[in-house]
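So that the names make sense, note that chain A is the first sequence line, chain B the second, and so on, each numbered from 1.
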Amino acid sequence: MSAEKLRLVLPDGREVEVEPGISARDLATKHDGGLAENAIAAKLDEEIIDLGRPIVRSGRFRYLGEDDSDVDALYVLRHSTAHVLATAVRMIWPNAGIGFGPPIAEGFYYDFDVEQPFTPEDLARIEEVMAEVVAAGEVFERREVDRAEARDLFADDPYKLERLGEIPEGDTISVYRDGKFLDLCRGPHLPSTALVKNFKLLHAAGAYWRGDERRPMLQRIYGTSFFEKKHLEEHLQRLEEARRRDHRMLGKELDLFSIQDDVGPGLIHWHPKGAMIQFLLRRFLEDELLRRGYDFVYTPHISRETLFRRSGHLQAYAEVMFPSMEMEGEKENYRVKPMNCPSHMEIYASRQRSYRDLPIRYAEIASDYRNEKSGTLHGMLRVRGLTMDDAHIFCRPDQVEDEIYGMLDLVDYVYSTFGLQYRLDFATRPPKRIGADEVWDEAEAALRSAIERRKLTYAVDPGGGAFYGPKIDVKFLDAIGREWQGSTIQLDFVLPERFDLSYVGADNQRHRPVMIHRAIYGTLERFVGGLIEHFAGTFPTWLAPVQVRLLPISDELTATARELRDRLRAAGLRAEVDERAETLSYRIRDGELQKIPYLAVIGQREAEAGTVAVRKRGAEKKQVVMPVPEFVEQVAEEDRTRALN
RNA sequence: GCUGACGUAGCUCAAUUGGCAGAGCGGCUGAUUUGUAAUCAGCAGGUUGCGGGUUCGACUCCCGCCGUCAGCUCCA
């Protein structure tokens with residue numbers, strides 16, 4: 001069979017004709033030395049291939065180099081590093097069972113079935129052996145085998161056999177070997193372990209085989225690797241930076257919140273300074289909601305189960321709800337609410353509604369309680385008692401798009417005030433759903449159109465919507481690039497049905513309103529936790545629990561300092577006097593560590609001149625002496641404009 | 001919920017093979033009255049998470065509970 005030449009389109013646009021079956025490596029030496037210099041793999045269209053693999057079709061072609069900015073190259077590197085890890089583990093524990101070992105977003109992991117969980121000392125030991133494997137420069141050797149041989153090769157590896165059984169008939173089964181380690185693996189890999197230069201094992205923890213808690217627990221080792229040492233170090237520094245910003249640590253240091261053992265896990269105590277932040281967030285949002293035509297409502301924290309039976313929560317959400325409370329002399333038990341929607345439905349349903357009343361927007365910042373699994377609790381980010389900035393909008397179908405548009409506008413207004421970038425996930429109809437297709441068509445079109453009108457970029461999550469309606473999730477990015485779940489906007493076709501909501505239209509007929517759930521912050525707990533980490537505790541002046549701390553140099557100046565404090569308070573600002581009998585240096589240091597935006601020193605000179613010596617957090621000029629009125633105005637201005645400094 | 005590690009003063013952490021529970025910071029008191037990131041001294045502060053057990057003796061070893069932390073598919 002005289003093979004036709006293949007045509008490969010190179011990144012620079014050139015086309016080359018090659019013999020079918022030529023490997024990327026041979027292609028490099030024959031055709032273009034420069035292009036393939038330091039290549040570790042190649043990419044043909046969307047498929048990454050080993051350098052040694054034969055090229056059997058035409059397409060766009062490029063080499064992957066030792067380039068940490070190339071996600072494809074990193075993918076190969078980390079996959080190979082995972083194999084080096086497994087190689088080392090098998091050298092130390094020859095009987096270790098092996099699970100999966102994929103590259104992941106920031107590194108890789110590998111799951112092992114071992115008698116004893118790995119200790120930190122084990123990880124250090126494994127790293128040493130990995131270094132030996134790297135030094136040995138073992139070649140990654142790919143081989144394609146038939147099913148029978150594969151079964152034979154992995155006869156002692158039950159997890160690999162299980163995976164093998166899932167590979168469809170007719171698919172190629174490949175195995176990779178480096179040194180003594182053989183793995184069922186689709187590849188691709190580096191040419192040699194010698195290219196694994198900068199890696200680090202980060203931690204070990206249990207992980208269920210296939211994430212299924214009914215199946216055996218394996219021991220997972222996480223790690224990461226880079227081509228360049230500099231990038232590994234930067235990555236480790238980022239991890240360190242994230243630890244430095246941990247809201248649980250900062251919450252303690254800055255006295256923002258606590259969780260008390262004898263109150264219960266996942267239940268937040270907002271201390272005065274944390275509570276101040278929550279208060280400021282509420283005030284900011286509520287003022288804005290008034291401008292945007294919302295009505296405030298307040299609803300009970302507990303209710304008869306009748307309510308949640310009607311809403312469907314008892315059927316669909318019971319495992320997250322706290323258990324029933326029996327009430328003496330009453331047939332019905334009570335429940336603490338996990339959400340606010342049912343009560344808002346009741347308010348809507350409490351009287352007749354006209355099409356002229358719509359849209360109706362009920363907002364409530366409310367405490368809800370959810371019995372989250374103990375292992376998922378995490379500081380303020382995953383709690384059992386949560387404060388939702390909730391709202392439910394009831395509108396006519398023709399109003400949905402404008403309402404969504406308005407919410408996106410509000411999201412943008414709020415997030416940009418905090419200097420947060422964000423992105424949208426648009427989740428569409430899942431396979432299992434209620435509601436007619438026409439209703440979904442209309443709803444999804446309205447959401448999409450609102451997003452596009454707002455000129456926002458978004459990712460579609462097909463089938464990711466709830467069974468009762470499509471939704472938009474807003475993810476915001478913090479200062480070190482991590483993503484947080486923030487706002488959510490969710491259409492609901494179910495609740496209006498269950499509560500038999502209606503309005504009387506212009507045609508004098510009863511119609512079903514559309515209902516939209518929405519939260520801007522999400523929960524105050526998570527949002528504040530996110531802000532703590534985003535700002536690393538250094539809140540902008542308008543959010544700082546204490547904006548100004550006054551430092552009188554000696555006792556004689558305390559009265560002057562108190563006067564200024566009262567003047568600042570009268571201007572709506574938050575100020576306090578540090579009257580402790582400590583040196584100025586001591587009190588300045590303390591104020592800096594407490595991340596207070598303004599430290600204002602008052603000495604004899606200032607008292608006589610009517611000035612303050614202002615030391616602004618993070619400012620280039622260490623201190624500026626200014627007249628008191630000017631200082632008050634400067635802080636007030638920053639507060640008023642919500643400056644991000 | 002499950003697996004593992006951990007839990008000592010308000011905070012951060014010590015305490016040898018099972019042998020008198022300590023330090024720094026913080027707090028209080030006194031002295032100092034301070035000019036830009038820690039003044040000095042003294043004092044108080046503990047049922048070593050809770051409950052059992054082993055032992056002459058338990059922070060230490062064993063069991064149970066509570067809590068914290070990491071993780072629990074980003075599919076060979």
Candidates A:Gln219, A:Arg220, A:Arg210 - the one meeting side-chain hydrogen bond (donor to acceptor under 3.5 Å, both in side chains) with A:Asp111: A:Arg220
Any side-chain N or O of A:Tyr208 below 4.0 angstrom from OP1/OP2 of B:C75? no
Is the distance from OP1 or OP2 of B:U34 to the nearest side-chain N or O of A:Ser554 less than 4.0 Å? no
Sidechain N-carboxylate O distance under 4.0 Å for A:Arg549, A:Asp590: yes
Spacing of the C1' atoms in B:G7 and B:G49 (rounded, Å): 6 Å
Establish, with yes or no, whether the OP1 or OP2 oxygen of B:A70 is under 4.0 angstrom from a side-chain nitrogen or oxygen of A:His378. yes
Provide the Watson-Crick or G-U wobble partner of B:C28, both distances under 3.5 Å; none if there is no partner. B:G42
Taking only the side-chain nitrogens and oxygens of A:Arg220, find out if one of them lies under 4.0 Å from OP1 or OP2 of B:C72. yes
Between A:Asp111 (CG) and B:C72 (C1'), how many Å, whole number? 9 Å
Taking only N and O in the side chain of A:Lys252, is any of them less than 4.0 Å away from OP1 or OP2 of B:G10? no
A:Arg580 vs B:G27: side-chain N/O to OP1/OP2 distance below 4.0 Å: yes
Now, which nucleotide makes the Watson-Crick or G-U wobble pair with B:A37, with each of the two distances under 3.5 Å? none
Output yes when at least one side-chain N/O atom of A:Arg248 is less than 4.0 Å from OP1 or OP2 of B:C69, else no. yes
NA contact type, A:Ser585, heavy-atom cut-off 4.0 Å: base, sugar-phosphate, or nothing? sugar-phosphate
Under a 3.5 Å limit on both distances, the Watson-Crick or wobble mate of B:G22 is B:C13
For B:C65, what is the paired nucleotide under Watson-Crick or G-U wobble rules, both distances under 3.5 Å? B:G49
Do A:His269 and A:Ser258 meet the criterion of a side-chain donor-acceptor pair at a distance under 3.5 Å? no
Do the side chains of A:Asp183 and A:Lys160 get close enough for a salt bridge, i.e. N-O under 4.0 angstrom? yes
Ignoring backbone atoms, test whether A:Tyr222 places a side-chain nitrogen or oxygen under 4.0 Å from the OP1 or OP2 oxygen of B:U73. no
Matching residue for A:Tyr598 among A:Gln634, A:Arg617, A:Gln547 - test: side-chain hydrogen bond (donor to acceptor under 3.5 Å, both in side chains): A:Gln634
